[in-house]
Amino acid sequence: MTEKAEMVEEMIRQLGDDAVLHRKEDLLTYECDGLTVYRGMPLAVVFPSSTEEVSGVVKWLHEHEIPFIPRGAGTGLSGGATPFGGEVIISLVRMKRLLDVDYDNREAVVQPGYINLTLTNSITHKGFYYAPDPSSQACCTIGGNVAENAGGAHCLKYGVTTNHVLGLEVVLHNGEIVEIGGVPDAPGYDLMGLVTGSEGTLGIVTSITVRILKNPEAEETAMAYFDSVEDASYAVSGIIAAGIVPAAIEMMDEIAIQGVERATNPVGHPEGSKAVLIMEVDGIATGIEEQIEEMVSVCERHNVVDIKVAKNDRERGRWWANRKTAFGAMGAISPAYLVQDGVIPRSRLSEVLAHIADISAESGLRIANVFHAGDGNLHPLILFDARNEGETDLALDVGSRTLEACTAVGGSITGEHGVGIEKKEDMRLVFSDEEIERQITVRSVFNPHNLLNLDKQFPKPARCGEVKQAVGSGEAHQVAEQR
Amino acid sequence: MTTEPSLANLVVKKNEPPVGNYLWEDPPDEDKFSACVHCGLCLEACPTYQELGHEHQSPRGRIHSIVAVAEGKIDINEAFEDPMFTCLDCRACETACPAGVQVGALIEEARGQVRQARPLKGWQGLVSRFFLRGVFPHTKRLHTLGMLTKIYQKSGAQTVVRKSGAKKVLPDHLGAMEAIMPDVGRPVLKTHPERIPAEGEQKGSVSMFTGCIMDVMYSDVNEATVRVLTKNGHSVEMPKQQQCCGALHVHAGDREMGKKLARENIDTFLEADADHVVVNAAGCGCALREYPELLQNDDEYREKAERFAEKVLDVSKYLYDYGYRAPEAELRKRVTYHDACHLAHGQGVWDEPRDLLEDIPGVEMVPLPNADRCCGSAGIYNITHPDMAGRLLDRKIEEVPDDVEMISMGNPGCMLQMAMGVMNHGRDEAIVHTMQLLDWAYQLEGGETDD
Ligand SMILES: Cc1cc2nc3c(=O)[nH]c(=O)nc-3n(C[C@H](O)[C@H](O)[C@H](O)COP(=O)(O)OP(=O)(O)OC[C@H]3O[C@@H](n4cnc5c(N)ncnc54)[C@H](O)[C@@H]3O)c2cc1C
Ligand code: SF4
Ligand code: SF4
């Protein structure tokens, strides 16, 4: 029997017939995630339904030295769940139950395949919600959110995923099941902080305890149009400088506006607007009015062309749908896009945007900009057509150059989408070889044979190809339990 | 295991121009599939993905497969056929997709290719040819089939079958369908004159598309629709030459017959020349509105198809937009509303039927969670894919609030399916069409009590 046939037979034995995909036709769609420029074929995709099943599968793959990749909804934008070729994908989407909600202690326990927005929808009748709100929240899994440390429009005020995760159950590289976190401020290392954002390279998350929040008493949303992105960026800085803590400030530029207006959720942005800001404040009812008025007056000082406040929840909902579907909306104006995820000091916003505009002009590729303006997290969307010879490479190059523009002003290469495959090499923009090596040493504590999401996140250090795998698996387990 | 993955090897340099493995007319349209950016925002909207968790059974995965065939990476074989036909054609993905990808049209085009490459054989082929080619395209034969059903019901044979357990020889799901078959009346296309005048002051005039399943199985709904329209001042014309809309054919991959029926209907209704063509069966309405899509490569009919499609409106939307009066009598009922996929996702009609129902005095509307998730009926899907259809039906019925008396909707396929669900779950909610509720309310005004 071939290696693959033996593996498939074993997986079917462990999980059942309908929980293993292995025909080429069935696997094709797993050759990439939301980033389509890199593709590799998995050996198989398996669908465990419980922690024990995950553990069983991992144990066997570990023993047979077959690399494997955890995958949620595959909405990742950096190729985190994309195979290099020959890995087994462990899909967590069948583990999609809400295990427990404790309203008194404001906690919920979910399986990793549970959908982000479904959590909010299931607790809203009690007046609660789950704060991290990536734009993909209607489809992405909370397991994937933990692995990417996902953020969202409202993370400006409420923090990103790591600020909302209280405890994790993790299946280690050899199939062992451990629990980490659970108690606030536990002694020892902050392993939860380490695992959150580790892009599936340290273990497979099989259960997550998250914090849930009480719905704010009041919220107000305003939308403001500007004649230049500079004015809009100064308005953003002005609002933060005025001491307001908005729940969200989002910006879209002219091309992005064209895209969303041509797509499924248009809201009638005026033609020719160069920038739009969507601003939200929330909290206790008193003071909300004043805050929104103050925001309006800051915008007025920065030459706002038009500004309006959402009349009701329905309008607010439509505005957010318009903003949150902006990436996908690029499909309406371009056959493909590549989204970047740079972070910059907020004060340098207009400077970096001008730089990006230059890169666009030089390369001839249109770049739409959508971003979490409040925390300086830029998403340049590079529009291209893969059918044109060489254009994919050009887009990738343009992507890297936009990241350089960010790091040049002291920023970083990822705010929330992770490194995955895409930004491996760009890690060199922010870390020295030695620093990369040190991080790989940490990885090998949990992932000594590099089987777990093989070779993601870090480039091979140029100086020494091998990283000493000094730490054995037994010790990894000890570390995990220590906390 | 030592792999030396190289980034450069993974970069997709250039997608091959789509020639690939589509060999017949009307292949999936490149403009349509290149709009998909693989974002995945459609995943959770898809009932088959929700059930199976397999991405090749999701909208994104299906499009990926369609592109792979176009690029010659895979063939049209059983493995390609399965996801194409396991799709319900429910269009929930189109509502969710931010890029406006026409997933339904792509899948229908792919099915056309599959059926050419792999014609149905054996009994499946026989049954499908009998119905798709032998019965539905011929209004008379369809009515005869309706008559036979009626004779079967009236003659006592039905009672015999039901009592004798003869239906145990039918496959489970067909047995269950037999049990819920409504009492077949006589099709309005036969019983009604070509033109029915408006009552009172004339506000508009419409042509009515009667639908074949609707007219054979639920002629009472068609009768109610005519009464509601005329009561509201709209005269109703029923062109007698009208044909089956062809939706079932297009869904099954028989585009040839679908197009033939489309051309005939276009001619018939353009000749009748009414401002609007109203439909009370969502599946038919959606298909009629998509004739331009179906005939996009037909130079003679493309423009006519567009002119025709612009006239087509679901009856609830027509009434809402062109004038109707709320009933005055009270109809004390707790009602919930189920969105037929081809009304909500297919035609964008969500609020109008709900508003019409809410306007009936005494009606208390109770929201149905996930009202717009497919009930599993999906044309003849419940016959071809009983397992998936059954799973979706169970979920649908489990979500119906405990204390409602009626479930209202706007499509005959859903009505049959939901009736079966209610029966299987031992429940007793009445399955009604939105027009029936309105009709009863108007009748009550005259002092009649008809509920
Ligand atoms: C239109 C669109 C908008 C987006 N908007 C945002 C946004 O606003 N903010 C944001 O942060 N991101 C955003 N994203 C990116 C993406 O949705 C997030 O990264 C999300 O967290 C990925 O979740 P997923 O379930 O799709 O994970 P996947 O893509 O399947 O996986 C992502 C990574 O997590 C790993 N992984 C998945 N599940 C597990 C698990 N159980 N245990 C361990 N590792 C696991 C995978 O190996 C992979 O490395 C967007 C994506 C799209 C397509
Ligand atoms: S039409 Fe329905 S079943 Fe088919 S892919 Fe779209 S959502 Fe899924
Ligand atoms: S069909 Fe639409 S929603 Fe689905 S992956 Fe493609 S672009 Fe995204």
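The sequence lines fix the lettering, A, B, ..., with proteins before strands; numbering per chain opens at 1.
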J.: Is the side chain of His54(B) donor-acceptor paired with the backbone N or O of Asp18(A) at a distance under 3.5 Å, no angle test?
T.: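 Between the backbone of Asp18(A) and the side chain of His54(B) there is a qualifying donor-acceptor contact (under 3.5 Å).
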J.: Considering only heavy atoms, which portion of Ala138(A) lies under 4.5 Å from any heavy atom of chain B: side chain, backbone, both, or neither?
T.: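 For Ala138(A), backbone heavy atoms alone lie under 4.5 Å from chain B.
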J.: Kindly compute the distance separating NZ (Lys24(A)) from CG (Asp75(B)), expressed to the nearest 0.5 Å.
T.: 8.0 Å
J.: Tell me, do Glu25(A) and Lys73(B) make a side-chain contact under 4.5 Å, heavy atoms counted?
T.: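 When only atoms from C-beta onward are counted, Lys73(B) and Glu25(A) do not touch, as no gap falls below 4.5 Å.
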J.: Between Asp385(A) and chain B, which part of the residue has a heavy atom less than 4.5 Å away: side chain, backbone, both or neither?
T.: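 Neither; nothing under 4.5 Å.
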J.: Give a yes or no answer on whether the side chain of Thr29(A) reaches the backbone of His64(B) with a donor-acceptor pair at less than 3.5 Å.
T.: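 No, Thr29(A) side chain to His64(B) backbone: no donor-acceptor pair under 3.5 Å.
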J.: Highest number of heavy-atom pairs under 4.5 Å with chain B: which of Thr75(A), Asp26(A), Val93(A)?
T.: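 Top count of heavy-atom pairs under 4.5 Å with chain B: Asp26(A).
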J.: What are the two closest heavy atoms between Pro98(B) and Ala263(A), and how far apart are they?
T.: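 For Pro98(B) and Ala263(A), the tightest heavy-atom pair comes out as O-CB, 2.9 Å.
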J.: Taking all heavy atoms of Leu28(A) and all of Ala68(B), pick out the closest pair and write down the distance.
T.: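 Closest pair (atom of Leu28(A), atom of Ala68(B), distance): CD1-CB, 3.4 Å.
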J.: More than 12 foreign heavy atoms under 6.0 Å from CZ of Arg23(A): is that the case here?
T.: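 Result for CZ/Arg23(A): enclosed.
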J.: How far does OG of Ser34(B) sit from CZ of Arg387(A), to the nearest 0.5 angstrom?
T.: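 Taking OG in Ser34(B) and CZ in Arg387(A), the distance rounds to 4.5 Å.
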J.: Does Phe458(A) have more than 12 heavy atoms from other residues, nucleotides or ligands lying within 6.0 Å of its CZ?
T.: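 Above 12, so yes.
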J.: Tell me, side chain or backbone of Asp31(B) under 4.5 Å from chain A's heavy atoms, or both, or neither?
T.: neither
J.: Of the backbone (N, CA, C, O) and the side chain (C-beta and beyond), which part of Cys140(A) lies under 4.5 Å from a heavy atom of chain B, both, or neither?
T.: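 Neither part; nothing is under 4.5 Å.
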J.: State, to 0.1 Å, how close His38(B) and Asp33(A) come at their nearest heavy-atom pair, and which atoms those are.
T.: CD2-O, 3.1 Å
J.: Quick test of your reading of the model: are Glu44(B) and Lys96(A) salt-bridged, counting only N-O distances below 4.0 Å?
T.: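 No, no charged N to carboxylate O under 4.0 Å.
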J.: Please flag which part of Gln137(A) lies under 4.5 Å from any non-hydrogen atom of chain B: side chain, backbone, both or neither.
T.: neither
J.: In terms of heavy-atom proximity below 4.5 Å to chain B, should Leu21(A) be classed as side chain, backbone, both, or neither?
T.: side chain
J.: Closer than 4.0 angstrom, basic N to acidic O: yes or no for Glu55(B) and Arg71(A)?
T.: yes
J.: Considering only heavy atoms and a distance below 4.5 Å, find which of Met330(A), Arg262(A), Glu31(A) pairs most often with chain B.
T.: Glu31(A)
J.: Taking every non-hydrogen pair under 4.5 Å, which of Ser136(A), Gly74(A), Gly259(A) racks up the most with chain B?
T.: Gly74(A)
J.: To the closest 0.5 Å, what do you measure between CG (Asn265(A)) and SG (Cys97(B))?
T.: 10.0 Å
J.: Measure across Cys39(B) and Gly328(A) and return the closest heavy-atom pair with its distance rounded to 0.1 Å.
T.: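 So the minimum-distance heavy-atom pair works out to SG-CA, 4.5 Å.
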J.: In terms of heavy-atom pairs under 4.5 Å, which option from Ala73(A), Ala321(A), Ala336(A) contacts chain B the most?
T.: Ala73(A)
J.: Counting heavy-atom pairs under 4.5 Å with chain A, which one of Gly100(B), Gly61(B), Gly40(B), Ala99(B) comes out on top?
T.: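 The candidate making the most pairs under 4.5 Å is Ala99(B).
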J.: Checking heavy atoms, do the side chain of Thr95(B), its backbone, both or neither come under 4.5 Å from chain A?
T.: backbone
J.: So, does Arg94(A) use its side chain to make a donor-acceptor pair with the main chain of Leu52(B) at under 3.5 Å?
T.: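 Yes, because the side chain of Arg94(A) sits within donor-acceptor range (under 3.5 Å) of the backbone of Leu52(B).
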